[in-house]
Amino acid sequence: MSKSYDPQEIEPRWQARWDEQQTFRARNPGDPDFDPDQPKYYVLDMFPYPSGAGLHVGHPEGYTATDILARARRKQGFNVLHPMGWDAFGLPAEQYAIQTGTHPNVSTNANIDNFRRQLKALGFSYDWSRELSTTHPRYVRWTQWIFARLYERGLAYLAEVPVWWCEQLGTVLANEEVIDGRSERGDFPCVRRPLKQWMLRITAYAQRLLDDLDGLDWPESVKTMQREWIGRSEGAEAEFDVVGHEVRIRVFTTRPDTLFGASFMVLAPEHPLVAQITTDAQRQAVADYQAQAAAKSELDRTDLAKEMTGVWTGAYALNPLYPEDDPRARLPVWIADYVIVTYGTGAIMAVPAGDERDARFAGVFGLPIPPIFAADTGDPERDARIRSGAECWSGPADYIHSSNDDLDLAGMDLAAAKQAVTGWLEARGRGAAKVTYRLRDWLFSRQRYWGEPFPVLHCEDGSIELVPDDQLPVELPAMSEFAPSGKAEPPLAKATEWLRATDSAGRPARRETNTMPNWAGSCWYYLRFMDPRNETALVAPEVERYWGPVDLYIGGTEHAVLHLLYARFWHKVLFDLGVVSTTEPFQKLYNQGMILSFAYQDARGATVAVDQAEEVADGEFRHKDSGEPLTRVVAKMSKTLKNVVNPDDVIHNFGADTLRLYEMYMGPLADPKPWNTKDVAGVHRFLNRVWRLVVPKEEGVDLRPNLRTEQAADPALERLLHRTVHKVTGDIDKLAFNTAIAAMIVWVNEATKAQDALSRSQIARFLGVLNPFAPHLTEELWSRLGLPGDASLAVWPEVDPAQLVDDDVELVVQVLGKLRGRIVVPNGSADADVLAAAREAVAEHLTGKTIVKEIVVPGRLVNFVVK
RNA sequence: GACCCUGUGGCGGAAUUGGCAGACGCAUCGGACUUAAAAUCCGAGAUCCGGAAACGGGUGUGUGGGUUCGAUUCCCACCGGGGUCACCA
């Protein structure tokens, strides 16, 4: 047996043993050894996309956190579900296939094998018997099954919609995948194009998705992002007659109370009424502007700094609040690209006195600004400007010039005024209260090969039919040519044999050639983990009722909106179908922070790669070639900066336990933090000291003699151990792993100093709490001590509350808030006794002064306020 | 531009949520062990002033104000870093 701590030898051995013994298998209801009285704990990682590059050090950060929770809960008596799988459909595998000719299935499986090897080398306690891949036909079957249910409920439909088309990727992309007119993946330019696409009616669930956020234990920032993404806004729709036409312009506004201040109207350039209402005189100018707007990139159109542009259509609309012949009723109708066709009704009433954008537009084109507000800002000059319409105001104010024959807003507050105008419109059939959402329906098809096929048939008569459930899955055809045709025609269109099918009436039909987006598989994988091999149901109801919902879900912030919103949407549909028993999938969500790295910056602020810099003195860096001084900065890991850290290397040099411990010790889980290889040695030293507590250096002695049999415990070490166990237990619950580790280091430092006084029971209990953090080392020492069973399954040590309180406590004595002395008093002393001792301790600071006030904080301090 | 998060030694960070600022780790310095070095172990360490010294006194959590007996913690304004949304009517 090795005398020294040798992770390279220990770690693979224990990993193999856990595998063989299925140490971490979770029991399902119905399993022979299932214990219904055991509480359950479902702790889940956001499963990875198995990329060709393998794991980076960011992956083990969240995975170690969940693993510590899983291991601790198991030892605390929970039946723990802690699974892992692969989100394996997606563009990179297909791009790789296009470049190399390797079938995505082949490269994906190779990547999965590599990821699995790397994760196993980290010693994660996954129940590998539940491993799944979204690409596996047995999984695809149920993804398609869910789609079929969506279709049956009218939540999936085909629509001709303007979509983002990316020439280089040869596909359409969802709005979410396009940033500033360029593809998120690959950064290629994208253009808008109308195409027939599958859409999912997520908007039908907008209100429920919004309301149910309240009950979730999620970071506020993520809830806020989802709320903003859903973008509920309350207001009213109003209809405006157009002079000389039989049409009405409908607008949506959140401020119906400002309708009296409308002085013009603006339609989006793409608004369908534009052609109809434009006068001959303005036709050319309008056409020019429309062409100009269409040619503009999204980036230019949304650039806030740009000049306001627009053109008058020549038409007038009528403000419904005023009689037709009232001059205030006549509103010129403009088109301008600051109005977006896809939001609200694509048209607005412009109130320059109450809206910043309308005010700017009115300023540029010299349109009237009828004042409607008398505000009290505390600045008389400003108040005057607002009262005259010279300055725009949207805050609370008194209404002026806001009345007609039967409506007067004077004296009303905002809510009352909104309601009054909305009510007036409604009574006359000119409008109604209206709720609008920013959320759009979800574009759900992609023109790619490597995704789930749609389980639908296009029949000869143009109708659509679902593939019967008992014929699922519709598998992808074997193909060797994956390149997108570039004609908005998916690769599957070339699979001529596969395309041919027969509908329910026995007539020839054609399969759908689009595939589902990457998000589909990740929308419900957490459910399949509960019951991964069920052939008759997506998940058995009694199994779902037992495991659901996920108790803790950890992943990166990049999924704050899309994945988490889509999964919540599908979950709610499955709830309505009776497939799941909870309205929400993930009760508690936590985002780990990104692991950053160091890089360098020269005097001009340009970043310099790590291999170009050298440390010349403590904290002083120079450029290796030019010698110019550099400053160290924190940056994202990137190939160009040469600061990428590979987990395989860290495991090779220090072991998996050290890597796990270091990532948890770096700082708070949620914070972004820089990797510092020098610091890794610190936690490695700590593990070495733990090793030395059990295995002495001397040759011929395998175990410290004091640990062979139980001996009387050293009271001080015992006390500290109880505190340490208490601290670690609480910190694990709070996901505060960095401070838990600090507490364990303190104990080991003390135990090292009092090495011969350490007892067998004490080291066993300590290894018990260290085990979730450093499972291999603790198993090895547990086994060398001859302790029963596996450290991974041994029960969590108990804390004696009596050991947490001291007999005597030291209090700080302050005079006027300044530290002047210390006293030691019995714990729980009466205030009077404490004060007496305190007065004595700081007597010299009190002489000649009058005590005005005495403050006693039990167990902490005494403060004298003197004059 | 709006909203959210964040700012503590040379570095990563801690502080029971209003009560001894700097736990723990890295780096640094000193000591022990060693022929020597590494490794290991023990110890020092915010800063300024006075003192040979143990010690005493002042200052200190981005900056400026405020609340409080007491502020890293709460409030206001500003500055720096990060994130999200970005003409959403």
Side-chain angles (χ1 to χ4, degrees), chain A residues 4 180 219-225 228-229 231-233 235 251-255 258 266 268 301-306 308 336-340 342-351 354-358 360-361 436-438 557-558 560-561 593-594 596 598 615 617-620 632-634 661-662 665-668 670-683 685-686 688-689 692 697 727 730 736 738-746 749 752-753 755 810-819 821-822 852-866:
Chain A
S4 58
D180 293 335
E220 262 328 298
S221 61
V222 175
K223 289 199 207 180
T224 303
M225 277 191 244
E228 286 174 354
W229 191 264
R232 179 190 159 100
S233 56
V251 305
F252 172 74
T253 176
T254 54
R255 293 296 299 270
T258 64
V266 186
R301 272 188 74 157
T302 54
D303 181 7
L304 279 168
K306 78 167 173 23
M308 276 287 186
D337 64 8
Y338 82 92
V339 174
I340 299 168
T342 49
Y343 184 79
T345 62
I348 62 157
M349 62 181 210
V351 183
D355 184 284
E356 189 61 43
R357 296 153 300 175
D358 298 345
R360 274 165 57 209
F361 194 83
T436 303
Y437 300 91
R438 205 187 74 111
T557 348
E558 66 272 21
V561 176
M594 198 187 302
L596 305 168
F598 290 121
E615 190 164 8
D618 202 15
E620 269 183 57
R632 193 166 75 169
V633 293
V634 171
L661 211 61
Y662 173 63
Y665 190 57
M666 289 172 80
D671 291 1
K673 34 203 175 285
W675 181 279
N676 190 355
T677 300
K678 276 185 180 172
D679 291 348
V680 179
V683 286
R685 256 197 285 269
F686 162 65
N688 244 313
R689 303 184 91 180
R692 282 283 166 245
K697 245 190 198 135
K727 172 81 175 150
N738 54 332
T739 48
I741 294 167
M744 291 190 282
I745 294 173
V746 170
N749 288 346
T752 302
K753 284 179 220 167
Q755 213 155 65
E810 191 190 60
L811 293 157
V812 167
V813 184
Q814 299 181 336
V815 177
L816 282 171
K818 289 206 197 311
L819 178 66
R822 291 164 195 277
V852 181
K853 201 171 173 185
E854 296 170 327
I855 293 137
V856 179
V857 182
R860 298 222 185 282
L861 61 67
V862 178
N863 189 13
F864 293 109
V865 185
V866 297

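Throughout, a chain's letter reflects where its sequence line sits, starting with A, and its residues are numbered from 1. Since this is a predicted model, take the numbers as computed values, not measurements.
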- Query: If you look at every strand shown and take non-hydrogen atoms under 4.0 Å, does A:Asp671 touch a base, only sugar-phosphate, or nothing?
  - Reply: nothing

- Message: The side chain of A:Ile855 is closest to which nucleotide in this list: B:rG19, B:rC20, B:rA89?
- Response: B:rG19

- Separation of B:rA23 atom C1' from A:Ile741 atom CD1, nearest Å, is 14 Å

- Closest nucleotide among B:rU16, B:rA14, B:rA89 to the A:Ile340 side chain: B:rA89

- Item | A:Phe686 to A:Met744 - nearest heavy-atom pair and separation | CE1-O, 3.8 Å

- Message: Side chain of A:Arg689, heavy atoms from C-beta onward: which of B:rC41, B:rA14, B:rC69 has the nearest atom to it?
- Response: B:rC41

- Could you work out the separation of B:rC78 and B:rU68 based on their P atoms and round it to a whole Å? 24 Å

- Task: Hey, could you give me the CD1/CZ distance between A:Ile348 and A:Phe361, rounded to the nearest 0.5 Å?
- Result: 8.5 Å

- Message: Within the 4.0 Å heavy-atom criterion, would you say A:Thr557 contacts the bases, only the backbone, or no part of the nucleic acid?
- Response: nothing

- Message: Any non-hydrogen side-chain atom of A:Phe598 less than 4.5 Å from a side-chain atom of A:Val634?
- Response: yes

- Message: Output the rounded distance in Å from CE (A:Met744) to P (B:rA23).
- Response: 19 Å

- Item | Heavy-atom closest contact (A:Arg357 atom, A:Met308 atom, distance) | O-CE, 3.5 Å

- Item | Euclidean distance for C1', B:rG10 against B:rG64 (whole angstrom) | 28 Å

- Per A:Met225 side chain, nearest of listed nucleotides B:rU84, B:rC42, B:rC88: B:rU84

- Query: Which nucleotide sits closest to the side chain of A:Thr253: B:rG25, B:rA89, B:rC11?
  - Reply: B:rA89

- Assigned glycosidic conformation for B:rU17 [threshold 90° from 0]: syn

- Which nucleotide, B:rC24, B:rU40, B:rC69, lies nearest any side-chain atom of A:Val746? B:rC24

- Provide the distance between the two C1' atoms, one in B:rA38 and one in B:rG51, to the nearest whole Å. 41 Å

- Message: Strictly below 4.0 Å: does A:Lys853 bring a side-chain N or O up to OP1 or OP2 of B:rC69?
- Response: yes

- Query: Are A:Asn738 and B:rA23 close enough that a side-chain N or O sits under 4.0 Å from OP1 or OP2?
  - Reply: no

- Does a nitrogen or oxygen in the side chain of A:Arg255 sit under 4.0 Å from OP1 or OP2 of B:rC88? no

- Counting only side-chain N and O atoms of A:Arg438, is one of them less than 4.0 Å from OP1 or OP2 of B:rA86? yes

- Item | Whole angstrom value for the distance that separates C1' of B:rG25 from CH2 of A:Trp675 | 14 Å

- Base, sugar-phosphate, or nothing for A:Ile745, non-hydrogen atoms under 4.0 angstrom? sugar-phosphate

- Please give, in whole Å, the distance from B:rC88 P to A:Arg232 CZ? 18 Å

- Note on the structure: The nucleotide from B:rA89, B:rU59, B:rC24 with an atom nearest the side chain of A:Lys818 is B:rU59

- Quick one: label A:Asn676 by what it contacts on the DNA or RNA (base, sugar-phosphate, nothing), any heavy atom closer than 4.0 Å. nothing

- Note on the structure: Rounded to whole Å, CH2 of A:Trp229 lies from P of B:rC88 at a distance of 16 Å

- Check the distance between B:rA32's P and A:Lys753's NZ and give it to me in whole angstrom. 19 Å

- Item | C1' gap between B:rC26 and B:rG45, integer Å | 14 Å

- Query: Hey, is B:rG9 sitting syn or anti, using the within-90° cutoff around 0?
  - Reply: syn

- Look up atom NZ in A:Lys853 and atom CG in A:Leu816, then write down how far apart they are to the nearest 0.5 Å. 12.5 Å

- Query: Would you say B:rA89 has OP1 or OP2 under 4.0 Å from some side-chain N or O of A:Tyr343?
  - Reply: yes

- Item | Closest non-hydrogen atom pair, A:Tyr343 against A:Tyr437 | CE1-O, 4.1 Å

- Query: When you check the phosphate oxygens OP1 and OP2 of B:rA89, does a side-chain N or O of A:Ser233 lie under 4.0 Å from one of them?
  - Reply: yes

- Could you work out the separation of B:rU8 and B:rU73 based on their P atoms and round it to a whole Å? 13 Å

- Query: How far apart are the closest heavy atoms of A:Val865 and A:Ile855, and which atoms are they?
  - Reply: CG2-CD1, 4.2 Å

- Could you check whether A:Asn688 gets within reach of a base, just the sugar-phosphate, or nothing at all, counting any heavy atom under 4.0 Å? nothing

- How long is the line joining CD of A:Glu220 and P of B:rU6, in whole Å? 13 Å

- Message: Rounded to whole Å, how long is the line connecting atom CG of A:Asp679 with atom P of B:rG10?
- Response: 17 Å

- When rounded to the nearest 0.5 angstrom, what distance separates CG in A:Asn738 from NZ in A:Lys673? 8.5 Å

- Kindly give the heavy-atom pair with the smallest separation between A:Tyr662 and A:Pro674, and that separation in Å. OH-O, 4.0 Å

- Query: With rounding to whole Å, what would you report as the distance between B:rA46 and B:rA23 at their C1' atoms?
  - Reply: 15 Å

- Message: Pairs counted only when both distances fall under 3.5 Å, Watson-Crick or G-U: show me the 5' to 3' dot-bracket for RNA chain B, [ ] for pseudoknotted crossings and | for other-strand partners.
- Response: (((((((..(((......[....))).(((((.......))))).(((((....)))))..(((((..]....))))))))))))....

- With P as the reference atom in both, quote the distance from B:rG65 to B:rA71 in angstrom, rounded to an integer. 14 Å

- Quick one: does A:Arg692 reach the base of B:rU40 with a side-chain donor-acceptor pair under 3.5 Å? no

- Atom CD1 in A:Ile745, atom OG1 in A:Thr752: separation rounded to 0.5 Å? 11.5 Å

- Say you pick atom P in B:rC29 and the same atom in B:rA39; how far apart are they, in whole Å? 13 Å

- Task: With the side chain of A:Lys697 defined as its heavy atoms from C-beta on, choose the nearest nucleotide among B:rC88, B:rU40, B:rC69.
- Result: B:rU40

- Of the nucleotides B:rA86, B:rA14, B:rA89, which one has an atom closest to the side chain of A:Thr254? B:rA89

- Item | Nearest-0.5 Å distance, CD1 of residue A:Ile741 to CG of residue A:Leu661 | 4.0 Å

- Message: If the cut-off is 4.0 Å, is A:Arg685 near the phosphate of B:rU40, judged by side-chain N/O to OP1 or OP2?
- Response: yes

- Query: So which one's nearest nucleotide on RNA chain B is more toward 5', A:Ile348 or A:Gly817?
  - Reply: A:Gly817

- Query: In terms of side-chain heavy atoms of A:Arg860, which of B:rG19, B:rG12, B:rC85 is nearest?
  - Reply: B:rG19

- Distance-only donor-acceptor test (3.5 Å): side chain A:Arg822, base B:rC20: yes

- Note on the structure: Tightest non-hydrogen contact, residues A:Asp358 and A:Met349, listed as OD2-O, 3.9 Å

- With nearest nucleotides of RNA chain B determined for A:Gly682 and A:Val812 from heavy-atom distances, which residue corresponds to the more 5′ nucleotide? A:Val812

